[in-house]
Structures are given as structure tokens and as C-alpha cells.
There are 2 protein chains.
Amino acid sequence: MVHSTANTVIGVRTPSAAYDVEIGEGLVDDVGARVDALLNGGLRAGRQRAFVVTSAEIERLWGARLEDSFRGLGLGGIHRLLVPAGEEHKRLATVERLAEELAQLGADRDSVLVALGGGVLGDVTGFLAAIYMRGIRYVGVPTTLLAQVDSSLGGKTGVNLAAGKNLAGAFHHPMAVYADTATLATLPTAELRAGLQEAIKSGIIRDRELFEFLETQRDAVLAGSPEALTRVVAASVRVKAEVVNSDEREGGLRMVLNLGHTLGHAIEAATGYRELLHGEAVAWGMIAAVNIAASRRLVTGAEAERMARTIRAYGPMRGFSAAASELVALTAKDKKNRSGTRQFVLPVGIGDATVVKDVTEAELMRAAEDVVNEAKGLGA
Amino acid sequence: MVHSTANTVIGVRTPSAAYDVEIGEGLVDDVGARVDALLNGGLRAGRQRAFVVTSAEIERLWGARLEDSFRGLGLGGIHRLLVPAGEEHKRLATVERLAEELAQLGADRDSVLVALGGGVLGDVTGFLAAIYMRGIRYVGVPTTLLAQVDSSLGGKTGVNLAAGKNLAGAFHHPMAVYADTATLATLPTAELRAGLQEAIKSGIIRDRELFEFLETQRDAVLAGSPEALTRVVAASVRVKAEVVNSDEREGGLRMVLNLGHTLGHAIEAATGYRELLHGEAVAWGMIAAVNIAASRRLVTGAEAERMARTIRAYGPMRGFSAAASELVALTAKDKKNRSGTRQFVLPVGIGDATVVKDVTEAELMRAAEDVVNEAKGLGA
């Protein structure tokens, strides 16, 4: 299939992986041909097999077109493995069941998985690929904004434990990511808005132009304009790719991607991961980080005001109820803490951010209280 | 603690890891100090924590000495996680339970696991380290011959699926391996003999001198002479380290380590992993490989005879019952097969081996029948 609009291609190049993220409308129809080309015709020649992993819901919306793209290679069909939707299925038991299915279907080390779906689906499929026969290849076809701008690239895969989110996992990069912005049209509005918070984050930490685009073009973006969304996705992917390229394993720079996430994760944990979408919790976390940065004069009052206003403009901010002290206690358990030191990302102007280790308990408590008080008054 | 005999240190250097395997008597008493030194004093300073993973049986034999080596650092104690013994516990459910325990105990990304035990324990602990928080460090303290000469180094970790052995796993190297040959004194004779088959394999594929040592010093080795065992372990580790150093991921050379394993795995699978020890099944696989190599005149009749005689001398060969056709069918499912091609390792003289892809079904069937007929007449 030929597309009238040019796709954007952004390269991820790390010490352990080199792959492209392609962004454009209608890409889902070309996944089969593209994957086969990456495999030097291995699918068409029958030397290799591909397996789609998706959820029933996404399968209904996009499965036929994706599978047709493989049938177009002359393949009779493509095996499909289903994962039930929802964070509660992001567990080792799901990965084990899928691995047993792959083994029954005869998948070998040269087989390739295709992850069609949102963030949970991508995390589970990437981890499945990481551990099946000690690692096979996979490609991502993210269908939510959150997955397109964030979770589908960078190589972080994994599942939850009872003890916490993403506590079991692996670094395992895809061999390619195809972000079809047409799939965003079927996304519920709340998910689109929540995903856009990660795009705002990308703007704040590293791309002032992206931030200003989101700030000024809110109506077009929220209306789902394909041009606007493609631009936002491409810019966000570029930010993430640049950061991952220079720091694959979160030794330093990669930490800045966690702006808003320390408190965001605490809010998610305190509310049992049920009340807020991830991006909605991150929005609160970013507000808190902006406030701390303003108190420390890392940003001017005017900058803080612009950032907070833009975050809220992609809301509505969703209410929740939790004690500030509980949130602060939960941040101490953050997976990113090392040897007992709490790390925190703060903006330094718009388009730049830094990681600090000296955010005090009192500072954090004050910021958490502000957020908790505001959230209390809002509807869930 | 000071040792009178010098330890042997062998380096593993791959694109993704650099670590030493130390072999000697009494090493278990020094693990704490050595790990702390590798961590630049992180344990002593309280910045990092270590967790021992072991089985109740090994804990009873060697746990106190290992834990004392950490107490010697001034640490109050060291947390211990127990894995039930037996291949049936080498499953994702066990790994998940251990990961939950680690999380409850507050293990973070800088924590270190110490795998004290045999092959199953090492595979499970290595995989736990590979996926906990997307990867933490671990050291191996292998207590069986099989683990010392083979499974504790090279980075292969994993667990079984219902569909097959080691089908879920990861490449994750330890930060060090301490092989205390004193622990072999408590090993059941059958396990010692089975482990020695892997040492014979190392000799056949790459170290003629090791092979001849095993050939001529059988009585001293089987009597458990510490000098003889240390020499055998060190030479076997050197073979494996050299192979892994030049081919970390089994692209080519590493395959030679699988001499005897293709048919060996098939025998294990056909007998439900209950009748034979791994090394006992590999012994049959090596006999078959030697026979095929002799038919192809890759080795002389005299060489084949010496190899087969030495393999049997470390027996007794253990009987089993399975159909040759079933064994051949099972080799088609081998995890090492790629894109449908069957790979097979054959000796080329004593001390050298090669990987061939053209072993025919008929050749394999003949070799399997010979082995099956001989095994039928033997007691299990």
C-alpha cells in the first residue's frame, strides 16, 4: 500500500540495539511487508514465522488489517495469541501461558512476535520475547498514544508482582516499532488526554518547541487532527530516542524521562491502580515537580505557571484521595532508588530537566499536600 | 581465611560481561569477603545487601560456613531464600515467589544474590537475578560437579515450561563464580560420575590433555582426590570459558558445547526426566555422536574406541527404555534448531569437534537404535 503522506523515521541506537521507530498513518497495513524485509524475506520464504500477540478488543479494531498485511506476503495466515485486557493480567502467569502456546505452535529462536496494542500488551509481549528460548525478536505496533510516545521504545519490558509494578522484567529492544497514528482515532478520549501528558513531559524535559506546540495547538491536538498528532508523536519519540541513545540503562540521563513519575507512581499505588490512568497520575506528579522547581527557583514563576497551565489544559485533572504522608512513604520504595538514595527529576526552565538527590522529605511533603488538597476537591 | 593451596582463576570475557571463575578448596569460607571486595566494600558499608538463595539440603551442609563469611564482614546476618530441591521446582512460579520475597525484604537494584547449590538452583537464581527489577547482580557458588564445570558459567539462566526444559530464560552472567571443590565431597557418587561426563565432553571437544587425564587417572578422580578434581574442574571451566569468550550467544562455536546433548536431551525427554541424570543421558548422546563420527571417518576406529571406553569407564551406563524413532522425533524439537535445520556436534579426533547440519535422519536413527538396544539390556 502506498501512502500519500511521508512517514517519519527515528532511529534508536544503543550499545545493544539499533532499530527504527516509524510514525505515520496507515502503517498497520504495511507491517507484514516491513517485517519480512527486516528478515530478508524469511517469512515469505517460509524460513521464519511471525506470531501476533494482541487483545480481543484491539484484534477487533485492527487485527484484520494487520493480518492481511501478512497474508499479502502469500502466507496462509498468521497465528494470533490473545492477552486479556487490563493491568491485572500483566503478570508472570500470563507470560507463562503465552510461552506454552508459542511452544505448542512450534515457535523457534528465529520466530518473531508482533505486539499489537497498548502499553500493557507491549510490556507483556516484549517480556515474553525476552525470555522465550532466552530471547527472540519482536516488533511493536503500538495502538495507544501512551505506547506510541513512550512504552513501545526503549527496551523496558516486564510484568507486575504483587509487591509492585514492573518489578519483574528485562531490557529487550524491539527490532522495529510501527506507530500508526490512525489507530489513535479509536482511542477513548480520556486515554488520548492521559497519553498527551507524556508528550508534555517530553516537551518539558527536552523539547521546548514540542511544549509550545502542545501549549498553543491544544484544540487541534485534542480534536485528533492527524497532522497534529503525528507531529506530537514524532517529537515525543525523538526525545525518548535521544535520551535512550545516550543512556540505555538509566545510569543518569535516562532518569529525566521519569519527570512526574516518582509521585505519579506513588499516587497510582495509593489508589490501587484503579482510579487514575497512568498519564493522569503523572500529570499530578509533574505539577508537584514544577512546584518544587519553582520553590527552588530552578524555573521562573512565569515558566512554572505556563507548565502547570498546559498540564491542566490537557486534563481535566482527575481527583483522588490519599494521604500526603502515604505518598511520600511510597516514593521511598521507588524502583529507581539506589542504595537508599531518593532520586527526583525537576524541570530547569522549559525544555530542560535535571536529576537531584537532595529533595528533602519536607519539600516533598509540602508538594504532595498541595496536590492532595487540590485533588480532594475534584471529581474522580 | 588463608589457604595452603593456590586457587585457579579463569576469566570469562564476553562483549557483555567480564568476570572470574575461581576454583579451589575451602572457597566457601571467603565468599563474603570476595563479594564485598567486588562491590568496593558496599556490603561492609551498609550501602548494599546480599541475599543467599539455596535449598534446605545444601543450606544444612554449607549454609553456615557461607553465612559466616558474611558475618565476618561485621554484618549481623544475611537473608536466606529457600528453593525446594528438584527439577519440578525449576518453574516461573518459583521465580515469582522468590521475587516477591526479595521485594518484601527490600532488595533494590544494587542488591546481590548468592546462588549456593547445584545446577537447578543456579539456573533459577540466575534467572531471578536477570528479571528482578530488570536485572540485578549475582554470584555463583556451585556445589555440584555439573554446576562447577558447566552450568554456573556462561550466562545461561532459565526455567522449564510444561512444553520443555529451559524454554523460558535469559542470558545473564554472574559477577563471579566461586567453585569450592571441597563441596564435592558431599556429593552422591552417581552425581559425581554424571558430572564427570561433562568434563569428558570438554576434553573431547577441546582439550586432549584433559581427556587423557580423565582416561588415565580414573581411579583418583572417582575416589574424589581433591587435587585430581580441582584439576578436572579447572580444565573444564577453561574449555567452557574459552568457548563462551569467543561465542557468547551460541552463534557458532558455542554449539560444540552441546556434544552429546541433542540425543541426550531427547533421552531425558522420552524418559520424563526421571530415570537418568543429565550427565548419564549426555553419556549416551556422546556414544551416539562418537559412532556417527566413526562412520563418517571423522575419527579413527582407535580414537572412537578410546572415547567410548572412557565414557563407559565413568559409568556405569544407566539403562532406559524408549523407541529410537521417538528419540529421533524429539531431536527435531531441539531448542537449538533454527529455521528448521537440525544441528549436530561431532568429534573430529580427540580434543576437537565440529558442528554439522547434514546428519541424515537415517544416520541418526541407526545411532539411536544402537544406543537404545544397548540401554535396554542394562539395569536402570
Side-chain angles (χ1 to χ4, degrees), chain A residues 15-16 39 42 45-49 91-111 123 127-128 130-136 155-172 249-250 332-341, chain B residues 15-16 39 42 45-49 91-111 126-128 130-136 155-172 249-250 332-341:
Chain A
S16 69
L39 299 173
R47 287 192 309 273
Q48 289 172 270
R49 295 166 68 198
R91 297 301 300 260
L92 275 175
T94 303
V95 174
E96 182 166 41
R97 181 181 60 70
L98 294 168
E100 298 282 9
E101 268 191 66
L102 283 177
Q104 293 303 335
L105 293 168
D108 72 9
R109 288 183 180 171
D110 285 330
S111 297
D123 286 355
F127 187 51
L128 172 66
I131 71 170
Y132 184 69
M133 292 193 171
R134 297 199 192 93
I136 64 173
K156 286 190 183 179
T157 73
V159 295
N160 303 329
L161 295 180
K165 290 223 324 172
N166 297 318
L167 286 181
F171 280 91
H172 188 55
R249 292 278 181 135
E250 210 161 77
K333 287 202 198 163
D334 197 278
K335 181 156 50 54
K336 290 174 288 296
N337 293 337
R338 302 198 71 140
S339 308
T341 307
Chain B
S16 69
L39 299 172
R47 287 192 308 273
Q48 290 172 268
R49 293 167 68 199
R91 297 300 302 261
L92 276 175
T94 303
V95 174
E96 183 166 42
R97 181 182 59 71
L98 293 169
E100 297 283 8
E101 269 190 65
L102 283 177
Q104 294 305 333
L105 293 169
D108 72 10
R109 286 182 181 172
D110 285 329
S111 296
F127 188 50
L128 172 66
I131 71 171
Y132 184 69
M133 292 191 172
R134 297 199 192 92
I136 64 173
K156 286 191 181 176
T157 73
V159 295
N160 303 328
L161 295 179
K165 292 228 315 177
N166 297 318
L167 286 180
F171 280 90
H172 188 54
R249 292 279 181 136
E250 210 160 75
K333 286 202 197 161
D334 197 279
K335 182 156 50 60
K336 289 173 290 295
N337 293 336
R338 303 201 69 142
S339 307
T341 306

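To find a chain, count down the sequence lines: A is the first, B the second, and so on, and within it residues start at 1.
- Interface remark: A:A162 contributes backbone and side-chain atoms alike to the contact with chain B (heavy atom separation under 4.5 Å).
- When heavy atoms are compared at a cutoff of 4.5 Å, A:R49 does not approach chain B at all.
- Both the backbone and the side chain of A:A99 have a heavy atom closer than 4.5 Å to some heavy atom of chain B.
- Minimum heavy-atom separation, A:F171 to A:K156: CE2-CG, 3.9 Å.
- The two residues B:D108 and B:I136 have their closest heavy-atom pair at O-CG2, 3.8 Å.
- Only the backbone of B:T157 comes within less than 4.5 Å of a heavy atom in chain A; its side chain stays farther off.
- For the residue pair A:N166 and A:N160, the shortest heavy atom distance occurs at N-OD1, 2.9 Å.
- No side-chain heavy atom of B:T94 sits less than 4.5 Å from a side-chain heavy atom of B:V159.
- Looking at heavy atoms from C-beta onward, B:Y132 lies out of side-chain contact with B:V95 at the 4.5 angstrom threshold.
- Contacts between B:A168 and chain A at a heavy-atom distance below 4.5 Å involve backbone atoms as well as side-chain atoms.
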